[in-house]
Amino acid sequence: MASSTTHLDLIAQSQSSKEVTANALFDAGSPATLFGRRGSLCSGLSWFYYGGVMMVDGVLTAIANNAAALVLSPSTTNYIEATRTGVVSRNTVGFTGGSIPLYTAVTGTATVTSYTDQRAWVAPAYLPGRASVAVTAADVTLTAADARCRYLTTTGVLTGNRSVIVPDSWEGIVYCSNSGGFATTVKTAAGSGVVVAQGKRALLLADGTNVVRVSPDT
């Protein structure tokens with residue numbers, strides 16, 4: 001069948017009760033509206049979103065429409081995001097590594113002046129490409145984009161023992177290209193981690209609490 005042939009119920013100009021057909025179409029398409037802006041309730045700095053269903057650790061989980069407003073910070077850019085369990089929050093720094101980006105909202109003193117939909121449901125959980133992060137004088141927390149990559153390279157001359165902070169639910173191959181007489185540890189924010197030897201690669205997994213080694217350094 002040609003892609004130009006629709007599979008949807010079409011609304012005819014002469015049709016009665018058009019709203020019934022329209023509502024059924026919206027209901028069928030509702031998975032795509034998960035975390036979408038609920039414009040009928042948004043006002044001032046109060047942000048509302050639609051719920052829906054999402055997979056949480058392999059379990060189909062219902063996410064409710066938010067009953068209480070997510071209050072945005074005034075006169076700045078707000079980064080609205082969700083955790084892998086469907087908890088929505090906002091901050092004014094940037095999307096958290098491993099989070100689900102939802103919207104960036106630019107605010108004035110009392111209103112949202114513009115917003116951008118950052119939801120990318122067509123993106124795979126892990127990108128086939130590679131990411132490279134410089135780790136030298138401080139610990140590094142992966143950005144959301146870096147955390148989705150399958151292959152991670154750490155670079156730079158270490159000035160002390162450093163950590164690369166990954167999301168609690170993460171896996172990937174890490175190549176340690178650091179130099180200097182110190183160690184590079186891949187870990188979660190609150191858990192323990194794994195030291196990857198310089199010039200070596202390791203397959204690592206964050207099990208929800210700690211980072212563990214799946215394969216030895218090679």
Side-chain angles (χ1 to χ4, degrees), residues 1-74 76-92 94-108 110-129 143-150 167-171 208:
M1 181 176 290
S3 298
S4 57
T5 302
T6 183
H7 296 278
L8 300 176
D9 295 325
L10 299 181
I11 300 174
Q13 185 175 4
S14 59
Q15 175 183 338
S16 62
S17 302
K18 295 182 178 66
E19 69 280 1
V20 175
T21 302
N23 287 337
L25 290 170
F26 290 136
D27 186 56
S30 62
T33 69
L34 177 61
F35 301 126
R37 177 180 179 271
R38 193 176 182 186
S40 61
L41 296 182
C42 292
S43 177
L45 296 175
S46 296
W47 186 274
F48 288 84
Y49 56 86
Y50 288 107
V53 292
M54 66 181 292
M55 296 295 291
V56 176
D57 293 333
V59 178
L60 195 61
T61 303
I63 306 297
N65 296 341
N66 62 319
L70 182 68
V71 180
L72 306 181
S73 293
T76 189
T77 298
N78 289 256
Y79 297 85
I80 304 171
E81 61 188 18
T83 67
R84 55 186 292 273
T85 59
V87 178
V88 177
S89 63
R90 60 97 189 136
N91 67 75
T92 58
F95 291 120
T96 306
S99 70
I100 303 170
L102 301 180
Y103 287 85
T104 50
V106 179
T107 57
T111 61
V112 175
T113 58
S114 66
Y115 60 87
T116 302
D117 193 340
Q118 302 285 353
R119 295 172 299 158
W121 304 120
V122 296
Y126 291 96
L127 299 178
T143 65
D146 288 342
R148 289 195 298 270
C149 288
R150 180 66 174 171
D168 290 344
S169 179
W170 170 89
E171 65 176 297

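Please read these numbers as outputs of a predicted model, since none were measured by experiment.
Between the CD1 atom of Ile100 and the CD atom of Gln118 there is a distance of 13.5 Å, given to the nearest 0.5 Å. Atom CD1 of residue Ile63 and atom OG1 of residue Thr85 lie 7.5 Å apart, to the nearest 0.5 angstrom.
Gly51 and Leu34 make their closest contact through C-CD1, 3.6 Å (heavy atoms, listed as atom of the first residue, atom of the second, distance). The two residues Met54 and Thr83 come nearest to each other via the heavy atoms CE-O, 4.4 Å. In this structure, Gln13 and Lys18 approach most closely via the heavy-atom pair O-NZ, 3.0 Å. Smallest separation of non-hydrogen atoms from Val71 and Arg90: O-NE, 3.0 Å. Closest heavy-atom contact between Ala105 and Trp47: CB-CZ3, 4.2 Å. Of all the heavy atoms in Leu45 and Pro74, the pair that sits closest is CD1-CB, 3.9 Å.
With contacts defined as side-chain heavy-atom distances shorter than 4.5 Å, the pair Asp117/Tyr115 does not qualify. Between Thr92 and Asn78 the shortest side-chain heavy-atom distance falls below 4.5 Å. Here the side chains of Tyr49 and Tyr103 are not in contact, with every heavy-atom distance at 4.5 Å or above. Phe35 places none of its side-chain heavy atoms less than 4.5 Å from the side chain of Ile80.
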Pair Gln15-Leu10, side chain to side chain contact (heavy atoms under 4.5 Å, CB included): steps then yes or no: CA-CA 10 Å; Gln15 175 183 338; Leu10 299 181; over 6 Å; no
Would Leu60 and Met55 satisfy side chain to side chain contact (heavy atoms under 4.5 Å, CB included), going step by step from the backbone distance to the final call? CA-CA 5 Å; Leu60 195 61; Met55 296 295 291; 3.7 Å; yes
I'd like to know whether Val88 forms a side chain to side chain contact (heavy atoms under 4.5 Å, CB included) with Asn66, so could you lay out the CA-CA distance, the side-chain angles of the two residues, the decisive distance to 0.1 Å, and finally the verdict. CA-CA 9 Å; Val88 177; Asn66 62 319; over 6 Å; no
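Between the Asp27 side chain and the Ser30 main chain, no donor and acceptor come within less than 3.5 Å of each other. For Thr33 (side chain) and Gly36 (main-chain N/O), no donor-acceptor pair under 3.5 Å exists by modelled atom type. No donor-acceptor distance shorter than 3.5 angstrom exists from the side chain of Ser46 to the backbone of Gly44, with no hydrogens or angles considered.
Atom CZ of Phe95 sits in a crowded spot, with more than 12 heavy atoms from other residues, nucleotides or ligands closer than 6.0 Å.
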